[in-house]
Amino acid sequence: MDRRNYAFDKVNYILLAAGMLVVIVGFILMSGPGSDETQFVEDIFSARRIKVAPVVCFIGFVSIIYAIMRKPKDGGEALGDGGDDLPSDTK
């Protein structure tokens with residue numbers, strides 16, 4: 001099977017895995033350490049839980065979207081044909 005028929009290449013998978021790890025880190029930051037009832041009210045409104053962690057998760061989701069939308073490089077571009085299968089008069 002020809003490699004150019006695949007939707008993703010190796011870089012897409014690496015970016016996808018990195019984005020997933022960033023989202024997981026964001027959720028871990030959002031969960032925070034365990035606490036008792038008196039500390040819970042003070043700790044739930046910490047800047048890490050309500051500001052930093054959602055931003056980290058958002059960056060992770062954006063990077064996942066980029067990894068999915070990124071078009072893999074074709075080997076045909078080195079030949080000068082642009083890498084697509086359209087005839088040259090329809091470009």
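Side-chain contact between Val25 and Leu21 is absent, with no heavy-atom pair separated by less than 4.5 Å.
Contact detail for Arg49 and Pro54: the closest heavy-atom pair is O-CD, 3.6 Å. A pairwise comparison of heavy atoms in Pro72 and Ala7 identifies CG-O, 3.2 Å as the closest pair. Nearest heavy-atom pair, Gly26 versus Ala53, reported as atom, atom and distance to 0.1 Å: O-CB, 3.4 Å.
When each of Arg70, Met20, Lys10 is paired with Leu15, the side chain to side chain contact (heavy atoms under 4.5 Å, CB included) condition holds for Arg70 and for no other.
Under the side-chain contact (heavy atoms from CB on, under 4.5 Å) criterion, Tyr13 pairs with Phe8, sequence neighbours left out.
Between atom OH of residue Tyr66 and atom CG of residue Leu16 there is a gap of 13.0 Å, rounded to the nearest 0.5 Å.
Taken together through direct or relayed side-chain contacts under 4.5 Å among Ile, Leu, Val, Met, Phe, Trp and Tyr, Val22 and Ile65 form parts of separate hydrophobic clusters. Put simply, Phe61 and Ile68 are part of the same group of oily side chains (I, L, V, M, F, W, Y) that touch within less than 4.5 Å, one to the next.
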